[in-house]
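See below for the structure under consideration.
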Protein chains: 2
Amino acid sequence: MTFYNALEKHLIDFHVVTHKKGETIYRADEAPRSLYIIKDGLVGLFHISENGKETFLRVFGKTQILGHRSLLAYENYHANAVCLQDTEFYQISASEFNQLLEKDNSLLRSITESLAKDLRVSELRISDLNDKSSYLRVVESIVYLKNKYPDQVWTRQEIAEFAVCTNETVTRTLTKLEKMNLIQKQGRDFSLNNTEGLLNLTNEDF
Amino acid sequence: MTFYNALEKHLIDFHVVTHKKGETIYRADEAPRSLYIIKDGLVGLFHISENGKETFLRVFGKTQILGHRSLLAYENYHANAVCLQDTEFYQISASEFNQLLEKDNSLLRSITESLAKDLRVSELRISDLNDKSSYLRVVESIVYLKNKYPDQVWTRQEIAEFAVCTNETVTRTLTKLEKMNLIQKQGRDFSLNNTEGLLNLTNEDF
DNA sequence: CGATAGATTGAGAGTTTTCAACCGATGTGG
DNA sequence: CCACATCGGTTGAAAACTCTCAATCTATCG
């Protein structure tokens, strides 16, 4: 049972809201007032550090939920949620969400499962930063982002913020990968020729 | 309501197990069979990468729970849990845990709160790796580890694995901090003279 | 007291960022 | 539909940061 399956039957009750590409749904340090379920579109979660460096923490597509972490932690948001495309979503107020949790016991369990998986993913990213060269992190980032959302034209900057490096390092990596015939550039976009080959690369290949 | 408060009243029912310092409670890739609540002692969660680099992900002290992430994600463990001191804990089997969850509705809610907070902490560590020099990360790591567990003699290696750098970088940082009068070395141990001062340091101070 | 594990230090190498200049794609208004 | 402004991408060189490696030192424990 996924998060969305558990929620789906209730969604008819809630308002649909839309935001244009580039608009911010919520900002770090705000108190959470709602939960958002994406009906269609794409949203990124970005943290901006004191020195202004931006880190791309998570990406949310169709049927994914955002804002739940803060509500369930009883904390303010720790990052900014920004639309990467025009996006439609169902908005559920905190009190409506709490009513749903009481009405439906499986809902909390499936949200917890999702958070527990996100925690693994996040902790393994820390390990990757310890272990993998920036080139290799770019490779893994494009495999993740481009395979999951093939129609999105990811900018070098977005990939860099996801891989935790600079846009120049992303450019240099993509140039090398094209020479290796593992990707194909098309204007600002690109496509993956060989996901297996990309995932078999190691630190030594660069 | 914390995780431990919600569990505490049930603990009398469970076996107490002890492990010596250095012993492993569980390893990455194993299927979770139990939940562990620390009665007394200290446990670290470490991930070892393909290339053998170790990352210190979380530390668990008295009244803290471990093994819950994997059980709730329906996943195998993603890291190794190792005793940093002789440690006593209550061991709860997966099926006993599931019974507890059914018996006590507040339990899952408090575990979820804890996971949601851990996710923030982990994601902000990724941001720190993007933004902060290794010296500054060492500073923040020693403030966290030493203030939370003052009696533990943390090795340079453990601090390095927590801060995501090398033991040499930890040594160099500690030497500088002692010259700045912010810490005091005592044999292999050290103590913090001025937590405020340490936390006010920036990338530019090194 | 000796053995061992951990800490320190310096020099050199490697990786990644920074900065600057230039190039090319995209899309908008005339 | 073209011209052009703008935004994003590319490239190279230099600087900065951190690690690696090796030698030496020191604390701790049996």
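Please read all numbers here as calculations on a predicted model, not as lab measurements. Each chain gets a letter, A, B and so on, in the order the sequences are listed, and its residues count up from 1.
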Between CZ of Phe190(A) and C1' of dG9(D) the distance, given in whole Å, is 13 Å
Just call it for Thr155(A): base, sugar-phosphate, or nothing, with non-hydrogen atoms closer than 4.0 Å on any strand.
-> sugar-phosphate
To the nearest angstrom, how far is Gln186(A) atom CD from dG24(C) atom C1'?
-> 16 Å
Tell me: CG of Asn130(B) to P of dT18(C), nearest whole Å?
-> 9 Å
Please determine if Lys176(B) forms a cation-pi arrangement with Phe206(B), meaning its NZ or CZ atom is less than 6.0 Å from the six-membered ring centre and no more than 45° off the ring axis.
-> no
Mind checking whether Phe162(A) and Tyr144(A) have ring centres under 6.0 Å apart?
-> yes
Over how many whole Å does the gap from Asn167(B) atom CG to dC19(D) atom P extend?
-> 10 Å
Give a yes or no on whether a donor-acceptor pair under 3.5 Å exists between the nucleobase atoms of dC7(D), that is its base, and the side chain of Gln157(A).
-> no
Residue met sooner reading DNA chain D from 5', once Arg188(A) and Thr171(A) are mapped to nucleotides | Arg188(A)
Heavy-atom nearest nucleotide on DNA chain C taken for Asp189(A) and for Lys53(A); more 5' hit belongs to Lys53(A)
Rounded off to whole Å, could you give me the CD1-to-C1' distance for the Ile159(B) and dT18(D) pair?
-> 18 Å
Side-chain contact check for Ser134(B): nearest option of dT18(C), dT18(D), dT16(C) is dT18(D)
Rounded to whole angstroms, how far apart are CD on Glu161(B) and P on dA7(C)?
-> 11 Å
Can you check whether Thr169(A) has a side-chain N or O nearer than 4.0 Å to OP1 or OP2 of dT17(C)?
-> yes
Can a side chain N or O of Thr166(A) be found less than 4.0 Å away from OP1 or OP2 on dT18(C)?
-> no
For Lys185(B) and dT8(C), is the shortest distance between a side-chain N/O and OP1 or OP2 below 4.0 Å?
-> yes
So with a 6.0 Å cut-off around CG of Asn51(B), is the heavy-atom count from everything else above 12?
-> yes
Glu168(A) has its side chain closest, among dC19(C), dT10(D), dA22(D), to dC19(C)
Between C1' of dT17(C) and CG of Asp131(B), the distance in whole Å | 14 Å
Between the side chains of Gln85(B) and Thr87(B), is a donor N or O closer than 3.5 angstrom to an acceptor N or O?
-> no
Is a donor-acceptor pair below 3.5 Å formed from side chain Arg172(A) to base dT15(C), judging by atom type as modelled?
-> no
Salt bridge present between Glu123(B) and Arg58(A) (N-O < 4.0 angstrom) = yes
Nearest whole angstrom, please: distance from the P of dC7(D) to the CD of Glu158(A).
-> 15 Å
